[in-house]
Every structure is written in C-alpha cells, then in structure tokens.
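Below is one structure, written out as structure tokens, with a few remarks after it.
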Amino acid sequence: MTTLARATDTLTRDALTVLQPGFAGTTAPDWLLRRLGEGLASVALFGRNVTSPEQVAALTAQLRAEREDVLVAIDEEGGDVTRLEVRTGSSFPGNHALGAVDDVGLTRAVAAELGRRLAAAGVDFNWAPSADVNSNPDNPVIGVRSFGADTDLVARHTAAYVTGMQSAGVATCTKHFPGHGDTGVDSHHAVPHIDVDADVLAERDLVPFRAAIAAGTRAVMSAHILVPALDPDRPATLSRRILTDLLRGELGYDGLIVTDGIEMQAIAGTYGIERGTVLAVAAGADAICVGGGLHDEGTVRRLSDALVEAVRAGELPEERLADAAERVRALARWTAANRPADGAPDTADGDVGLRAARRALRVTAAEDVAPLTEPPYVAALTPVANIAVGNETPWGVAAELGRLLPGTETDSFHGADAGSEALAAAGSRRIVAVVRDEHRHPWMAAALDVLLAARPDTIVVEMGVPRARPRGGLHVATHGAARVCGRAAAEAIAGV
C-alpha cells in the first residue's frame, strides 16, 4: 500500500479527502492511483466503470492495493437506477415496487441481498436509498425511485432498507435531504423550488430522514433544491441553515453529509463547481460527489485547489475542512470494520428480487380478455429517460416475452404519431403496449387511445408510477422498469 506523499501538506490532503470523484474506464487510471497516494479517500463508480461484478471486484482490489481504506461508492438503488447491472437491468425491483408490496421484511431482505452483491464486488458505500416522499405525481426525476406518496410508508421502508443494506457491511447514504419528492423540475437541469411551509416539511418530507437516522444510516445526501421555508437564499446543498442547523442540530444527525453531484446544473449553472464546493463544505457538507459528468483529473485538481485557496483566504474555516475530512475517514473506518472477511456475507438469497417483483404486480383484466398464447408485437412507448436513470439500461418486457413466446417482435415509438406507427408495425399480431408514467406524457396517453380504439384487446404494461386508470384487455402495473419487473410482467401476460 502506498503511503501518503511527503510533499502533500495536511490542508491539501484534507481537501482531497472530502472529494468523491469518478473516472473513465474499467480499470483505475494512473492519475487516480496517484491521488489516492496523496490523500484522496473515496472513489465513485458509475455505469461507465462496470462490465461485470467480476470486473468491478478486480477494479476495487486495484484501488485497495493503493489505499487499503479507500471508500468505494456507487449509485446502486436497484430498480430503474442500477450501475452494477447497467448493461442488463437490475435483478432487484426499485423502491416503488417495494412500497407497493409494503412488507418491510421483504424490503430489508432485498436491501441485504443487494448489499451482499455490492460487498462481494468490493463496494462499501451506496448512495441509496431515496427517502423522498413522491408527493408530486408529475415529479420528473423521483417517481418510481420513491417508496411512495405516503409519509409513514416511505419512513418505514427507508429504515428497513438502511438496516438491510448495512447488515451486509455496505454504508447507506439516505437521499435527497430535505426531500426531493414535491418537485416538478429535475435538479440535473435547474434549481427546483419547494414552496410549502415548514410544518408541511416537518410532517411530510423530514419524517423518512428521521427514520433513517434512527436506523443508523451512515450518510445523508443533500438535494440541490431551494426550500424558502427553510432558507430563502440558498439551495439545501449550500445552506448552513439546512445542513448544520436542521440536519445536525434539530435532527441530531452526526454521520457523513454528502452532496448530490456538484456538477449538476442546479449548482454548476448558478454557482460554478468550485464556488459550489466551497459553499457546500462551509455549510456543513463533508463530502463532494462529483464524476457523473466530470470525471477527469483536472476536475479533482480544480476542486481541491478551490478548497485550499478558500481556507487560505479566510472564506472557509480550516477547522470545518478538517472536521469534514475526519468524518470521511470515520466512515472508512466503519466500512473496514464491517467488511466481511471474504468480501461478502455467508448467506445469499438470489431469488428475493424476483419474488419481490412478482408480489409488486397489480393486474387488471377485462372480463372477456383472451390469454396471450402466440408471440405478440411489443410496442414500447418510450419517454426520454431522466439523467439519474440514464439510457444505457434496457427496460421493458420484450426480451422476457421473447424467452417465453419465441417469435415476439418489438420496436420503440415516441411522439405524436406513435399510436398509428405502432399499429402499422404490429400488423395482425396481438399488441403489448409498454408505457412508463403514462400520466406525465400526453403523447403516450394519445398513442394508447389510438391502439385501444383499433385493438381493444391490447395488453398495457405500465412500468412507471401507475397514476393513469388501468385500461386495455389486460393492464399490468409493475411499479418499476427493472429487468426483474419485466420478467414478472411477462410471466403474468403469458400465464406462467
């Protein structure tokens, strides 16, 4: 293991310690290994870094050969947001499906098995779960990433997820504080506003975070949202009132505070990443997530230099930076102490994701619906994916239906003519229309109108939040678009 470089002073090491950067490639670049030797304490993995669990295990071993106590972080929510299975789709349903089942024991078991797989790959810090109460049905970025719209349900499942994941030795990072559920704007693109009073926030949005803290979550992630009732001037990530006074003071939280991606436009487009990083640490954040978009050595240098210069200019107390760095090291000590000796717990439950996905299905059938016995035509009415989910991960039911009914054909449709185009492509074959958040996309609802008017026996599979009324010869709500949800839906459609 490389020792810290002698030329790296304490201030610079602390500045590097609070960064959680990403990188390009499936092996660690030289610059990253060098920075680990200089004080960098965390590395973030994204979909671009993953080809298989075995490859990730080799990568994390490479990182730990350079620095044994490095924190290896990942954004692995399961469900729609998966990095470990970015090429295939997740083996686990996401939060909304688990909330639909509402069995906290099942949620705990799913999180434990997901944690076991992360630990086996050498990942010890997961930027999950989302504890947001999805109170705005038009939310463009949370949706099925939330356990639901009921505060108490979200709270109990958040706590169960934290308990399950951390039982595998993987630290959780409950997000997005103080709650991203009541937004109509994606903070990847702009600053969302939540214009409700403090009492509503306390009784709705903060409750799941209190539950996560009580369950022992090792980290909390801040949201890039403006909440005027808490701070009229700065988004939560940059707000001392929210991070220090509320989260640390009122809620009594003493673990690590991590920012959401600092290069997201809600921060980068208003403050810039350097200024945003300094303001976040000054406000009470202990670690800066960066690398979803910017993942080069220059970004690490810019942010560490900005922190050092802010301390030297008197804009950031040196004690605050030192405290932040120590909290990162404390989490690294916790993960090292809780890491299973062989990289993974002894027990495994490989089928728990499929069992959960099957239980999450909600099937509504017309009285005269005929079972699907011949290979159908699957028309995927495909919306633009939000950045958190990405467009790398496959979704839908066509692949699984093709396995059960060989000869199944499929294509993707979008826009005003989607319905007529799908009808023409299907010919005489039975149609399976796959949608994602029909209620948020008027073009999608119109396409279903066209399909159902011409072909009332069309099967509809809703893989987003099922807010629109069920319709079609058969309507299957999966509460998420993970691969395992597609398999459960295909089984229901084919009657197996």
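Side chain of Tyr271 to main chain of Ala266: no donor-acceptor pair is present (N/O by atom type, distance under 3.5 Å, no hydrogens or angles). In this structure, the side chain of Thr259 does not engage the main chain of Ser222 through any donor-acceptor pair within 3.5 Å. Without hydrogens or angle criteria, Thr393 side chain to Gly89 main chain gives no donor-acceptor distance under 3.5 Å. At least one donor-acceptor pair under 3.5 Å links the side chain of Asp132 to the backbone N or O of His176. In this structure, Arg116 contributes its side chain and Ser167 its backbone to no donor-acceptor pair below 3.5 Å. For the pair Asp260 (side chain) and Ala223 (backbone), a donor-acceptor distance under 3.5 Å is absent. For the pair Arg67 (side chain) and Gly39 (backbone), a donor-acceptor distance under 3.5 Å is present. Judged by distance alone, with hydrogens and angles left aside, the side-chain atoms of Ser146 form no donor-acceptor pair with the main-chain N or O of Gly143 at under 3.5 Å. Counting only distance, with no hydrogens or angles, the side chain of Glu462 and the backbone of Asp437 share a donor-acceptor pair below 3.5 Å. Glu76 places a side-chain N or O within 3.5 Å of a backbone atom of Leu84 that can act as its donor or acceptor partner.
Using modelled atom types and a 3.5 Å distance limit, the side chains of Thr174 and Thr217 yield a donor-acceptor pair. For the residue pair Gln62 / Thr27, no side-chain donor-acceptor distance below 3.5 Å is found, with atom types taken as modelled. For the residue pair Thr382 and Arg436, no side-chain donor N or O sits within less than 3.5 Å of a side-chain acceptor on the partner.
Taking the charged nitrogens against the carboxylate oxygens, Asp14 and Arg320 have no contact shorter than 4.0 Å, which rules out a salt bridge. Salt bridge present: Asp102 and Arg156 bring a charged side-chain N and a carboxylate O closer than 4.0 Å. Electrostatic pairing of Arg35 and Glu38 counts as a salt bridge here, judged by a charged N lying under 4.0 Å from a carboxylate O. A salt bridge links Arg210 to Glu250: at least one charged side-chain nitrogen sits closer than 4.0 Å to a carboxylate oxygen. Between Asp124 and Arg339 there is a salt bridge, since at least one side-chain N of the basic residue sits less than 4.0 Å from a carboxylate O of the acidic one. Salt bridge annotation for Asp323-Arg327: present, with a cationic side-chain nitrogen under 4.0 angstrom from a carboxylate oxygen. Classification of Glu297 and Arg34 as a salt-bridged pair holds, one side-chain N sitting under 4.0 Å from a carboxylate O. Ion pairing of Asp75 with Lys175 is present here, as a side-chain N (NZ or NE/NH1/NH2) and a carboxylate O approach within less than 4.0 Å. Between Glu392 and Arg83 no salt bridge is recorded (no basic side-chain N to carboxylate O distance below 4.0 Å). A salt bridge is absent between Asp349 and Arg108: the closest approach of a Lys/Arg side-chain nitrogen to an acidic carboxylate oxygen does not fall below 4.0 angstrom.
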Run the side chain to side chain contact (heavy atoms under 4.5 Å, CB included) check on Thr335 and Arg218 step by step: do they pass? CA-CA 10 Å; Thr335 59; Arg218 308 304 301 187; over 6 Å; no

CA sep, side-chain torsions, deciding dist, call: Asp103, Arg359, side chain to side chain contact (heavy atoms under 4.5 Å, CB included): CA-CA 10 Å; Asp103 178 343; Arg359 289 181 63 186; 3.1 Å; yes

Does the pair Arg248 and Asp286 meet the rule for a salt bridge (Lys or Arg N to Asp or Glu O under 4.0 Å), with working shown? CA-CA 12 Å; Arg248 293 242 184 262; Asp286 306 306; 2.7 Å; yes

Given side chain to side chain contact (heavy atoms under 4.5 Å, CB included), test Gln166 with Trp334 step by step and report yes or no. CA-CA 11 Å; Gln166 293 190 163; Trp334 183 89; 4.1 Å; yes

Would you check, one step at a time, whether the test side chain to side chain contact (heavy atoms under 4.5 Å, CB included) holds for Ser91 with Arg117? CA-CA 11 Å; Ser91 301; Arg117 296 191 190 184; 3.7 Å; yes

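Considering Val465, Asn134, Asn136 in turn, Asn134 is the only one that fulfils the side-chain contact (heavy atoms from CB on, under 4.5 Å) rule with Ile142.
Here Leu71 contributes atom CG and Arg333 contributes atom CZ; the two are 11.0 Å apart, rounded to the nearest 0.5 Å. Rounded to the nearest 0.5 Å, atoms CG (Asp205) and NE2 (His180) are 11.5 Å apart. Separation of atoms NE2 (His157) and CG (Leu98) is listed at 7.5 Å; rounding is to 0.5 Å. Here CD of Gln20 is found 11.5 Å from CD1 of Ile262. Values are rounded to the nearest 0.5 Å. To the nearest 0.5 Å, the span separating CG on Leu36 from CG on Leu16 amounts to 9.5 Å. Note that OH of Tyr161 is 8.5 Å distant from OG1 of Thr172, once rounded to the nearest 0.5 Å.
For the pair Leu59/Gln55, a side-chain contact is recorded, criterion being any heavy-atom separation below 4.5 Å from C-beta on.
Counting all heavy atoms, side chain and backbone alike, Val227 lies closest to Pro178 at CG2-CG, 4.1 Å. The shortest heavy-atom contact between Leu230 and Arg241 is O-CD, 3.5 Å. The shortest non-hydrogen separation linking Phe23 to Asn49 is O-ND2, 2.9 Å. Nearest heavy-atom pair, Ser135 versus Asp182, reported as atom, atom and distance to 0.1 Å: OG-CB, 3.3 Å. Of all non-hydrogen atoms in Phe46 and Gly292, the two that sit nearest each other are CZ-N, 3.4 Å. The two residues Leu114 and Gly78 have their closest heavy-atom pair at CD2-N, 4.1 Å.
The 12-atom threshold is exceeded at CG of Asp197, counting heavy atoms of other residues, nucleotides or ligands nearer than 6.0 Å. Residue-environment remark: CZ (Arg467) stays at or below the threshold of 12 foreign heavy atoms within 6.0 Å.
Aromatic ring orientation, His96 versus His479: tilted (interplanar angle from 30° to 60°).
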